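Working notes, structure below.
Keep in mind that what you see is a predicted model, and the values were worked out from it rather than measured.
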Amino acid sequence: MNESEVVQGLHAGLAVFRKRPDDILRVAYSRAVRREVTSLAKWAASRRIPCQEASEGELDRIAQSKHHEGLLVATRPRRWLPAADLAERLLRDRGTCLALDRVRNPYNVGAILRSAAFFGVDACLLGAPAPHPGLAPVAVRVAEGGAEHVGLARTTDLADTLSRLRARGVRVVGADGHSPTNVAGYAFQRPTVLVLGNEVEGLGERIRAQCDAVVSIRGSGAVESLNVAVAAGVLIGEMTRGRPSSGS
C-alpha cells in the first residue's frame, strides 16, 4: 500500500466506500471487524479489488500504527479543490467554510473536520507556509469519516487566498479569544469563511488583516482559552445556526 494514500480507521474507511468507491485500490481488515466490512468485502470481490483479512500485526506494520481500528483502505490520492473552485462552490451554495491558519496538530485537524461534517460545513481550507502534503492519517481517522464529507482545499498563502475570496464576495470572520465581539448571537452572513488560528500563536497578522470581523467565545475566565478543536465546535455551531439540515 506504499504508493497510495492509506485511510486508517473503521468509520473513515467505510466513509471512503460510501463517498468515493472508485478511488479504492486495496482493502485489508482484521477478523474483529469482519461483520462491519461485509458489504465492502463483497463489493471489492465483485470488482476484483484486492481485499484480505489480515492479522493485527500485519495491519500494524502497514499502518505503522496500532490505532487503525482494524481497517485499512488504500485509495488514489485525495482530490483537493483549487481555490477558484472553492470560491464558486461557496458563492453558488451561499456556503460556509473553515480556514485553518497553521493549525498543525493532526488530532485537532481531525476533530475539526469531524465537527465540520456534523454541522454541514461545505469546505475546509488548510493554510501552511509550505505545500501541504495532505491530511495526516491520524487526522483522517480522528475525523471519523468527516474528511469525506467536507470539500478540502489548501494554500501556501492563506492571506492571499482569503483576499481573493473576499474580492468575490465571500465574508471572512476570524476567531480570537480577545475580541470584544461575542460569537453568541453574531449574525454570520453567507457565504462565509471562518478562520481559526494556530494552537499557540493564534491568527497571524496578515490573516487578521483580511478579516471582515473577529469574534470570540465568552467563558467563565477560569482558564484562558479552549483547545482549538473544541473552540471550532462552538464556533461552527454558531456559524451554522438556523441552517437547514440535510434531513429537514
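For the pair Val195 and Leu162, the minimum side-chain heavy-atom distance is below 4.5 Å. Taking 4.5 Å as the limit, every side-chain heavy atom of Val140 sits out of range of all side-chain heavy atoms of Gln8. Side chains of Ile217 and Leu235 form a contact here, defined as non-hydrogen atoms less than 4.5 Å apart. The shortest side-chain heavy-atom distance between Leu10 and Glu36 falls under the 4.5 Å cut-off. For the pair Leu71 and Val27, the minimum side-chain heavy-atom distance is below 4.5 Å. For the pair Leu194 and Thr96, the minimum side-chain heavy-atom distance is 4.5 Å or more. Ser4 is not listed as a side-chain neighbour of Thr75, based on a closest heavy-atom distance of 4.5 Å or more. Within the 4.5 Å cutoff, the side chain of Leu86 has no heavy atoms near those of the Trp80 side chain.
Grouping the Ile, Leu, Val, Met, Phe, Trp and Tyr side chains by contacts below 4.5 angstrom, directly or via other members, places Phe119 with Val183. Leu165 and Leu100 are members of different hydrophobic clusters when ILVMFWY side chains are connected at heavy-atom separations under 4.5 Å. Linking Ile, Leu, Val, Met, Phe, Trp and Tyr residues whenever their side-chain heavy atoms come within less than 4.5 Å leaves Val138 and Leu152 in two separate clusters. Note on Leu81 and Leu135: separate hydrophobic clusters, where clusters join Ile, Leu, Val, Met, Phe, Trp and Tyr whose side-chain heavy atoms are under 4.5 Å apart, directly or indirectly.
Contact between Tyr29 and Leu59 at its shortest, heavy atoms only, is C-CD1, 3.9 Å. Residues Pro191 and Leu91 approach most closely at CG-CD2, 4.0 Å, considering heavy atoms. Contact between Val193 and Ala99 at its shortest, heavy atoms only, is CG1-CB, 3.7 Å. Met239 and Val121 make their closest contact through CE-CG2, 4.1 Å (heavy atoms, listed as atom of the first residue, atom of the second, distance). Listed here is the closest heavy atom pair of Arg141 and Ala12: CA-CB, 4.3 Å. Pairing each heavy atom of Cys124 with each of Val150, the nearest pair is N-CG1, 3.6 Å.
Of the inter-residue distances, the one linking Glu69 atom CD with Ser30 atom OG reads 10.5 Å to the nearest 0.5 angstrom. Summarising the geometry, atom CG belonging to Asn227 is positioned 8.0 Å from atom CG belonging to Asn105; distances are rounded to the nearest 0.5 Å. Atom CD1 of Ile24 sits about 6.5 Å away from atom CZ of Phe17, to the nearest 0.5 Å. Taking CZ of Arg26 as the start and SG of Cys51 as the end, the distance is 12.0 Å to the nearest 0.5 Å. Here Leu72 contributes atom CG and Arg61 contributes atom CZ; the two are 10.5 Å apart, rounded to the nearest 0.5 Å. Distance check, rounded to the nearest 0.5 Å: CG of Leu98 to CG of Asp122 gives 10.0 Å.
Screening residues 186-210 for ring pair (Phe, Tyr, Trp, His ring centres under 6.0 Å) gives Tyr186-Phe188 as the qualifying pairs, with residues at least two apart or on separate chains. Identified under the side chain to side chain donor-acceptor pair (under 3.5 Å) test for residues 196-215, with sequence neighbours left out: Arg102-Glu201, Asn108-Glu199, Asp157-Arg206, Arg166-Gln210, Arg166-Asp212, Asp176-Arg208.
Remark: the backbone N or O of Ile112 is not paired with any side-chain donor or acceptor of Ser115 at under 3.5 angstrom. For the pair Ser179 (side chain) and Ala175 (backbone), a donor-acceptor distance under 3.5 Å is absent. Put simply, the side chain of Arg241 never gets that close to the backbone of Ala187: no donor and acceptor are under 3.5 Å apart. The backbone N or O of Gly95 sits nowhere less than 3.5 Å from a side-chain atom of Asp93 that would complete a donor-acceptor pair. The main-chain N or O of Ser55 is never found under 3.5 Å from a side-chain atom of Arg31 such that the two would form a donor-acceptor pair. Listed for the Glu144 side chain is no donor-acceptor partner under 3.5 Å among the backbone atoms of His11.
Using a 4.0 Å cut-off between charged side-chain N and carboxylate O, Arg164 and Asp160 make a salt bridge. Checked for salt-bridge contact, Lys66 and Glu56 miss the test: no charged N lies under 4.0 Å from a carboxylate O.
Results of the side chain to side chain donor-acceptor pair (under 3.5 Å) test with Glu148 over Arg20, Arg18, Lys19 single out Arg20 as the only residue that passes.
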Item to complete: Go through the steps for Glu5 and Arg76 under the test salt bridge (charged side-chain N to carboxylate O under 4.0 Å, His left out), then give the verdict.
Response: CA-CA 6 Å; Glu5 177 179 347; Arg76 294 183 175 85; over 6 Å; no
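Counting non-hydrogen atoms of neighbouring residues, nucleotides and ligands closer than 6.0 angstrom, the CZ atom of Arg218 exceeds 12 such neighbours.
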